[in-house]
Amino acid sequence: MAELTEASIPRLATGCRWGGTTEAPVVLFPEGAIKVEGTGRAILELCAGQLSLAEIVGKLEQQFILAPPGKVRADVVSFIEQLHAKRIIDY
């Protein structure tokens, strides 16, 4: 399994795509779908294969400026690794 690093560029895995509506988006994958809201949605929207992990964390730190130091990075890494284990995110 690939290791998530600051230079990793997360993206939806092959076979996964956005679905649902603008108000209620879901990520469709071969085994089903997951509803994405709040912070999870903010993270996934940045996982489009264009930004590195470091860039994603930087953008979210600007959005969530009141978060304790390191909290945004820890949450983003945890979220991406969980979805990677479910084969929804590749990097």
- [ ] Go through the structure and list residues passing salt bridge (charged side-chain N to carboxylate O under 4.0 Å, His left out) with Arg11, not counting sequence neighbours.
- [x] none
- [ ] Compare every heavy atom of Tyr91 with every heavy atom of Glu81, then report the nearest pair and how far apart it is.
- [x] CG-OH, 4.3 Å
Task: Same apolar cluster (I L V M F W Y, side chains within < 4.5 Å links), Phe79/Leu4 - done: yes
Open item on the list: Please tell me whether Leu28 and Leu83 are part of a single hydrophobic cluster in this structure, the criterion being side-chain heavy atoms less than 4.5 Å apart.
Closed with: no
Open item on the list: Applying a strict under-4.5 Å side-chain criterion to I, L, V, M, F, W and Y, I'd like to know whether Leu60 and Ile80 cluster together.
Closed with: yes
Open item on the list: To check you understand the geometry: which heavy-atom pair defines the closest contact between Glu23 and Arg41, and what is its length?
Closed with: O-NH1, 4.5 Å
Open item on the list: I'd like to check the salt bridge (charged side-chain N to carboxylate O under 4.0 Å, His left out) partners of Glu37; sequence neighbours left out, ordered by chain and number.
Closed with: Lys35
TODO: State whether Glu45 and Lys59 are salt-bridged, where the test is any N-O pair (Lys NZ or Arg NE/NH1/NH2 against Asp/Glu carboxylate O) under 4.0 Å.
DONE: no
Open item on the list: Hydrophobic cluster membership, with links at side-chain heavy-atom distances under 4.5 Å among I/L/V/M/F/W/Y: are Val76 and Ile34 in one?
Closed with: yes
Task: Backbone N/O of Asp75 and side chain of Ser78: donor-acceptor pair under 3.5 Å - done: no
Open item on the list: For residues Ile9 and Leu53: do they belong to one hydrophobic cluster (side chain heavy atoms under 4.5 Å, members Ile, Leu, Val, Met, Phe, Trp, Tyr)?
Closed with: no
Open item on the list: I need the minimum non-hydrogen distance between Pro10 and Ile89, along with the two atoms involved.
Closed with: CB-CG2, 4.1 Å
Open item on the list: side-chain contact (heavy atoms from CB on, under 4.5 Å), that's the test. Do Asp90 and His84 meet it? Break it down for me.
Closed with: CA-CA 6 Å; Asp90 279 337; His84 181 71; 4.3 Å; yes
TODO: Output the distance between atom NZ (Lys71) and atom CZ (Phe64), rounded to the nearest 0.5 Å.
DONE: 11.0 Å
- [ ] Can you see which heavy atom on Val57 is nearest to which on Val72, and at what distance?
- [x] O-CG1, 4.1 Å
Task: Least distance between heavy atoms, Glu55 atom then Gln50 atom - done: OE1-O, 4.1 Å
Open item on the list: Ignoring hydrogens, what is the shortest heavy-atom contact between Ala7 and Ser52? Give both atom names and the distance.
Closed with: O-CB, 4.0 Å
- [ ] Could I get the full list of side chain to side chain contact (heavy atoms under 4.5 Å, CB included) partners for Ala74, not counting sequence neighbours?
- [x] none
